[in-house]
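Chain naming here is simple, since letters A, B, ... match the order of the sequence lines and numbering starts at 1 in each. Predicted, not measured: the structure shown is a model, and the values here were computed from it. Because only heavy atoms are used, hydrogens play no part in the values below, and waters and symmetry mates are left out as well, while side chains stay in.
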There are 2 protein chains.
Amino acid sequence: MLSNRQLLILQVIIDEFIQTAQPIGSRAISKKDEIIFSPATIRNEMADLEEMGYIEKTHSSSGRVPSEKGYRFYVDHLLLPFHLSKNDQQLISSVFEQDLVEFEQVVQKSVNVLSDLTNYTSIILGPQVYETTLKQLQIVHLSATTAVAILVTNTGHVEHRSFTIPTEIKASDLEKLVNILNERLVGVPIVELHHRLQHELTSILNHYVDDIESAFHYLKSALFDQQPNQVYIGGITNMLLQPEFNDVTKVHALYSIMEKEELMANVLRSTNEGIHISIGHENKVNAMRDCSLITATYSLAGKQVGTIALLGPKRMEYSRVVSLLNLLSNQMSHTFHDW
Amino acid sequence: MLSNRQLLILQVIIDEFIQTAQPIGSRAISKKDEIIFSPATIRNEMADLEEMGYIEKTHSSSGRVPSEKGYRFYVDHLLLPFHLSKNDQQLISSVFEQDLVEFEQVVQKSVNVLSDLTNYTSIILGPQVYETTLKQLQIVHLSATTAVAILVTNTGHVEHRSFTIPTEIKASDLEKLVNILNERLVGVPIVELHHRLQHELTSILNHYVDDIESAFHYLKSALFDQQPNQVYIGGITNMLLQPEFNDVTKVHALYSIMEKEELMANVLRSTNEGIHISIGHENKVNAMRDCSLITATYSLAGKQVGTIALLGPKRMEYSRVVSLLNLLSNQMSHTFHDW
DNA sequence: TGTTAGCACTCTTTACTTTCGAGTGCTAAT
DNA sequence: ATTAGCACTCGAAAGTAAAGAGTGCTAACA
């Protein structure tokens with residue numbers, strides 16, 4: 001479809017535009033070392049590339065900028081493997097060098113390193129709780145009427161929820177309940193807890209506990225009502241550094257959606273395994289239509305559990321970012337392999 | 001010092017500027033109902049007010065805007081008690097109407113309500129952990145070499161930290177240690193824990209535990225290494241709605257410091273009891289020199305524990321914001337009174 | 001003596017023009 | 001097939017002009 005020369009020119013245009021954010025003219029292209037043709041020749045090729053929809057003009061006599069189709073072609077066919085600098089590699093590795101056992105710590109560090117290295121906004125979706133299993137359940141009484149329920153997972157994740165104990169529930173009932181649940185439910189995947197509680201254990205529990213109904217109801221609501229989506233975001237302010245976000249209204253739209261954890265979680269959760277790139281209008285969320293989102297998945301104990309993403313302008317350093325995400329997601333998966 | 005007429009005019013200028021963000025001219029002032037003088041008279045008074053430094057011109061023939069000295073005078077002497085609308089009051093009360101026992105939930109809700117009501121950025125500094133006491137300490141083993149330490153406070157706050165258990169420490173030692181700590185330390189203020197561990201308990205512990213040194217060391221570092229500052233921020237994007245933050249560079253500076261939790265914690269921690277207002281250059285942090293920060297303290301069980309703040313342009317609705325903060329901080333203190 | 005009308009003056013804002021240059025498309029020559 | 005040449009287009013930047021909001025000052029007024 002595209003001649004070698006056209007491929008070369010397209011590559012130069014996109015590479016250049018990613019760096020400068022300025023439209024590229026035929027003269028500038030001809031001056032590149034790898035180009036041995038005159039501006040006129042290049043103009044002809046550019047006219048063809050434009051006709052095919054890979055590049056665009058900002059106005060009738062401007063240089064060219066990549067179109068979304070152009071970026072798509074670029075990432076699909078022109079992406080050269082990027083050799084990460086020693087510094088990049090070290091910074092990523094440094095996340096895993098300490099004895100961090102807690103998931104949150106690793107993720108928090110990763111988010112920061114990633115946004116610092118790229119100057120984009122990095123987003124990590126934490127492990128799906130349903131991939132993890134229950135390690136321990138516990139009630140700590142704070143006063144006669146209040147208590148904290150604490151749930152520890154096999155990944156070291158701790159969920160806790162305070163609640164008031166209504167007067168009709170005996171504290172002893174609650175304790176019994178928790179004891180029974182611990183005996184029966186340790187090792188069960190979190191996502192199944194609800195079902196198991198509901199269907200298999202009610203009868204057994206009725207046997208032991210006087211007023212199982214309300215005690216159960218309370219414990220359930222305390223623990224499972226709002227399963228928080230763990231979305232970690234770093235480098236939000238980096239967006240402001242990109243020239244395409246000089247306009248405050250654009251930034252506002254983008255920031256608003258990033259404040260919505262659930263929305264972000266949905267966006268990231270629906271990604272395929274491995275590296276995936278959404279460019280501009282390929283993004284389902286309107287406010288991201290001027291951005292590209294690159295996602296990578298990582299796994300915990302062999303199962304896919306979460307997503308790492310970088311959000312930046314369409315004019316992203318795709319090559320480098322893909323390499324960084326690859327490295328990081330691999331290292332994460334490796335670190336979490338035997339948890 | 002200032003005549004009644006000057007006070008009136010100053011008040012009108014500031015009230016008006018707070019609403020419109022536009023310089024106010026003599027003609028506009030004279031049209032106000034409460035003003036019965038001609039523009040010429042007002043011009044004379046304005047010249048005086050300017051000479052005294054309460055108002056400024058943006059250029060030689062512009063209307064006047066309040067100076068920082070003007071705002072200071074305004075909040076010190078001209079602030080009328082603001083009557084909150086039913087809606088405002090209800091929204092604030094709604095935070096406390098549910099059975100929220102957990103501190104985090106109350107604070108998170110408050111932050112959101114506050115930023116929604118004001119269109120400013122709201123910041124809440126969580127309870128100082130050292131004001132709270134230990135309720136329970138616990139170790140949950142995840143694997144042979146990893147465990148989570150969980151610390152529950154009397155406020156229902158849960159701290160947890162995962163750590164690797166080095167081979168030289170016996171799991172049983174760790175358990176013993178935790179048992180002893182629980183017997184001895186429940187009810188001790190968190191801030192004293194470190195001291196108590198260090199000085200009073202070492203001898204006792206030595207008696208029971210074989211290798212107290214390293215077990216102790218590990219537990220300590222797991223629990224007390226980085227005491228997180230709990231800074232809750234809501235409505236960061238609201239800044240973008242203010243005309244004074246049309247400039248992306250200003251926003252960037254401001255957002256950067258808000259990403260630094262410790263810095264924000266320091267700023268808020270160093271406030272006096274009750275309501276306090278810092279205007280423009282009164283703020284110690286450079287990036288806030290174009291902003292006003294209004295803080296209020298709330299207490300838990302009678303002791304001062306935290307700060308609620310609103311950050312906005314110098315042109316804030318001081319009167320309303322003060323009332324809102326007063327109401328919220330009182331309700332918070334009241335709610336937390338007997339925790 | 002305090003207040004106000006009148007007026008010249010200042011400065012910003014907006015719109016309109018001009019100029020400059022980067023870049024294009026096309027044609028004709030190589 | 002490639003390139004030099006050239007007329008043309010458009011945006012960005014700079015300059016000009018008019019409009020309007022607001023001021024300070026002076027002199028008149030109650």
Quick check on contacts: within [range], what sits under 4.0 Å from DNA chain D by heavy-atom distance?
range	answer
residues 57-69 of chain A	A:H59, A:S60, A:S61
residues 12-23 of chain B	none
residues 26-53 of chain A	A:F37, A:S38, A:A40, A:T41, A:R43, A:N44

Can you give the first and last nucleotides of DNA chain D, 5' to 3', that have an atom under 4.0 Å from a heavy atom of chain A? D:dT2 to D:dG11

What's the spacing between [X] [atom1] and [Y] [atom2] if we round to 0.5 Å?
X	Y	atom1	atom2	answer
B:E45	B:S3	CD	OG	5.0 Å
A:L80	A:S319	CG	OG	6.0 Å
A:Y232	A:L125	OH	CG	9.5 Å

Closest non-hydrogen contact found for A:V251 with A:F245 is CG2-O, 3.3 Å

Between A:S85 and A:D88, does a side-chain hydrogen bond (donor to acceptor under 3.5 Å, both in side chains) hold up when you go through it step by step? CA-CA 5 Å; A:S85 74; A:D88 290 358; 3.3 Å; yes

Backbone N or O of B:D116 within a donor-acceptor pair of the B:Y120 side chain at under 3.5 Å?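 No.
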
Hey, does the side chain of A:Q89 reach the backbone of A:K86 with a donor-acceptor pair shorter than 3.5 angstrom?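 Absent.
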
Answer whether the closest heavy-atom distance between the side chains of A:T118 and A:L324 falls below 4.5 Å.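 Yes, their side chains come closer than 4.5 Å.
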
For the rings on B:Y255 and A:Y255, is their centre-to-centre separation under 6.0 Å? yes

Residue that, paired with B:H276, satisfies side chain to side chain contact (heavy atoms under 4.5 Å, CB included) out of B:L325, B:T307, B:T297, B:T295: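 Only match with B:H276 under side chain to side chain contact (heavy atoms under 4.5 Å, CB included): B:T295.
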
For B:K32, what residues pass the side chain to side chain donor-acceptor pair (under 3.5 Å) criterion, not counting sequence neighbours?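 Testing B:K32 for side chain to side chain donor-acceptor pair (under 3.5 Å), a comparison that skips the adjacent residues, returns B:E16.
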
Could you work out, with side chain to side chain contact (heavy atoms under 4.5 Å, CB included) as the rule, every residue matching A:H252, not counting sequence neighbours?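 With sequence neighbours excluded, A:H252 shows a side chain to side chain contact (heavy atoms under 4.5 Å, CB included) to A:S256, B:T237, B:L240, B:L241, given in chain and number order.
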
